[in-house]
Peer 1: 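Right, I'll just put the structure down here and ask away after.
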Number of protein chains: 2
Amino acid sequence: MFEKKTYICNIFYYSMISGKFAITIHILTLLTKFPNDYLSSEFIAGSINLNPVLVRKEIANLKAHQIVESKEGKNGGTKLAVNAVNLSLKEIFEMTFESINLGYAKNQPNPECPVGKKINQNLAGLYADMNKQLSVQLEGISLEDFSNQF
Amino acid sequence: MFEKKTYICNIFYYSMISGKFAITIHILTLLTKFPNDYLSSEFIAGSINLNPVLVRKEIANLKAHQIVESKEGKNGGTKLAVNAVNLSLKEIFEMTFESINLGYAKNQPNPECPVGKKINQNLAGLYADMNKQLSVQLEGISLEDFSNQF
DNA sequence: CAAAACTGTAACATTTTTTATTACTAATTA
DNA sequence: TAATTAGTAATAAAAAATGTTACAGTTTTG
């Protein structure tokens with residue numbers, strides 16, 4: 001246990017989940033449905049209802065992970081470079097998020113308080129455990145499985 | 001399978017996780033460490049390094065769930081209203097987030113596209129499965145367990 | 001070869017969400 | 001009665017997420 005006393009402090013930050021996973025899986029589902037076509041960013045954007053530039057940005061990420069290949073120029077577009085059977089949601093998850101977490105203390109918590117001093121470390125440990133479990137679960141679902149729901 | 005054709009559409013949105021869980025568990029950990037004291041929002045804010053008004057807002061949420069009780073006026077503050085042994089991280093999670101999710105298509109996806117039409121529904125199913133598993137995991141960790149790490 | 005249809009990106013604008021602040025009322029204690 | 005504290009609303013500021021415009025570079029097709 002420790003003493004109760006008054007503390008005062010200041011600033012710093014992290015960030016959180018966005019819509020990348022949803023966008024990416026939407027793109028990949030479309031590509032899975034048309035495995036032989038190069039789909040244009042505009043076509044994909046039309047299904048997601050999103051600006052084509054944002055679609056291209058997510059595609060750039062997929063390319064970097066060698067999940068898709070794309071062709072420039074007229075009749076260009078993007079297609080899967082892997083078999084949907086062999087790509088799990090875990091991998092998609094990891095490509096778009098680093099991990100699940102429920103947030104950290106963002107303003108540097110008080111280092112003179114035993115709780116403030118260790119809170120982020122302990123949260124990190126908790127989140128690591130959560131991610132471990134989640135990974136196992138997502139590993140069991142392939143892109144193919146997900147796509148077959150449509 | 002379905003046809004490849006061009007789509008165009010428009011707007012709508014959701015939201016996502018923030019730092020509520022981290023703040024709330026920080027508050028609860030402090031309250032667990034001082035089970036017999038009424039801690040002021042300013043004291044708590046000093047440990048988290050957060051504006052006291054925001055602390056009071058999270059406390060309002062905890063009060064609504066009858067996890068803490070508070071006393072107004074001089075020497076007032078907040079203390080636990082339950083035993084930390086009997087409060088699981090699952091309950092804290094549910095009080096601060098509704099659930100984990102990795103985002104939805106926010107702009108109304110194209111209802112004429114088979115993928116656009118069902119994407120949010122299928123994502124919701126996936127997220128529900130993820131939450132189910134996560135809940136079991138978090139249910140096994142009590143506030144007491146978490147607090148004992150400090 | 002020229003026009004059209006794409007990708008790839010950068011730069012910037014806009015919107016939305018999150019976080020912080022100020023201010024004030026009401027309650028309680030000393 | 002003065003001091004301290006919760007409760008809360010209103011507003012401001014900051015940060016993050018999205019969206020837009022613009023344009024260079026590729027590839028195909030006529």
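All values derive from a computational prediction rather than experimental measurement. Chain identifiers are assigned alphabetically (A, B, ...) following the order of the sequence lines, protein sequences preceding nucleic acid strands; residue numbering begins at 1 within each chain.
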Peer 1: Mind checking T78(A) for me? I need base, sugar-phosphate or nothing, with any heavy atom below 4.0 Å counting as a touch.
Peer 2: nothing

Peer 1: Identify the two heavy atoms, one from N75(B) and one from K71(B), that lie closest to each other, and give their separation to 0.1 Å.
Peer 2: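 For N75(B) versus K71(B), the nearest heavy atoms are O-CE, 3.9 Å.
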
Peer 1: Can you figure out which of dG19(D), dT5(D), dT22(C) approaches the side chain of N51(B) most closely?
Peer 2: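 My answer, after comparing the listed nucleotides, is dT22(C).
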
Peer 1: What integer distance in Å separates L62(B):CG from dG7(D):C1'?
Peer 2: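 So the two atoms are 15 Å apart, to the nearest Å.
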
Peer 1: Looking at the side chain of R56(B), which of dT22(C), dT7(C), dA6(D) is the nearest nucleotide?
Peer 2: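 Minimum distance to the R56(B) side chain belongs to dA6(D).
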
Peer 1: Between S41(B) and dA6(D), is there a side-chain N or O to OP1/OP2 distance below 4.0 Å?
Peer 2: yes

Peer 1: Would you please classify the geometry between the F21(B) ring and the Y127(A) ring as parallel, tilted or perpendicular, with 30° and 60° separating the classes?
Peer 2: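 Tilted, since the angle between the ring planes falls between 30° and 60°.
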
Peer 1: Is the backbone N or O of N49(B) less than 3.5 Å from a side-chain atom of N107(A), with the two atoms forming a donor-acceptor pair by type?
Peer 2: yes

Peer 1: Would you mind reading off the distance between K79(B) atom NZ and dT5(D) atom P, rounded to a whole angstrom?
Peer 2: 18 Å

Peer 1: OP1, OP2 of dT19(C) versus side-chain N and O of K57(B): anything below 4.0 Å?
Peer 2: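 For dT19(C), neither OP1 nor OP2 has a side-chain N or O of K57(B) closer than 4.0 Å.
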
Peer 1: Distance check needed: dG8(C) P versus E69(A) CD, whole Å only.
Peer 2: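 Those two atoms, CD and P, are 12 Å apart.
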
Peer 1: Ring centroids only, cut at 6.0 angstrom: are F146(A) and F150(A) within range, meaning strictly under it?
Peer 2: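 Yes.
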
Peer 1: To the nearest Å, give me how far apart CG (L39(B)) and P (dT5(D)) are.
Peer 2: 12 Å

Peer 1: Just compare dA20(C), dA6(D), dG8(C) and give me whichever is closest to any side-chain atom of I59(A).
Peer 2: dG8(C)

Peer 1: Using a cutoff of under 3.5 Å, can you pull out all pairs of nitrogen or oxygen atoms linking the protein to nucleotides 28-30 of chain C, with atom names and distances?
Peer 2:
{"from": "dT28(C)", "atom 1": "O2", "to": "K74(B)", "atom 2": "N", "distance (Å)": "3.0"}

Peer 1: For K79(A), does the NZ atom have more than 12 heavy-atom neighbours from other residues, nucleotides or ligands under 6.0 Å away?
Peer 2: yes

Peer 1: Measure from CG on N61(A) to C1' on dA17(D) and round the result to the nearest Å.
Peer 2: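 After rounding, the reported distance stands at 16 Å.
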
Peer 1: Kindly determine whether K57(A) and N61(A) satisfy side-chain contact (heavy atoms from CB on, under 4.5 Å), including the steps that lead there.
Peer 2: CA-CA 7 Å; K57(A) 278 183 184 167; N61(A) 183 37; over 6 Å; no

Peer 1: Mind calculating the distance between CG (D37(A)) and P (dA5(C)) to the nearest angstrom?
Peer 2: 18 Å

Peer 1: Could you state the CD-P distance from E58(A) to dT9(C), rounded to the nearest angstrom?
Peer 2: 13 Å

Peer 1: Grab the CD-P distance between E42(A) and dT20(D) for me, whole Å please.
Peer 2: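 Interatomic distance, CD of E42(A) to P of dT20(D): 13 Å.
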
Peer 1: Just checking, is any N or O donor in the side chain of S88(A) or E91(A) under 3.5 Å from an acceptor N or O on the other one?
Peer 2: yes

Peer 1: Out of dA23(C), dG8(C), dT18(D), which nucleotide sits closest to the side chain of L54(A)?
Peer 2: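 Nearest nucleotide to the side chain: dT18(D).
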
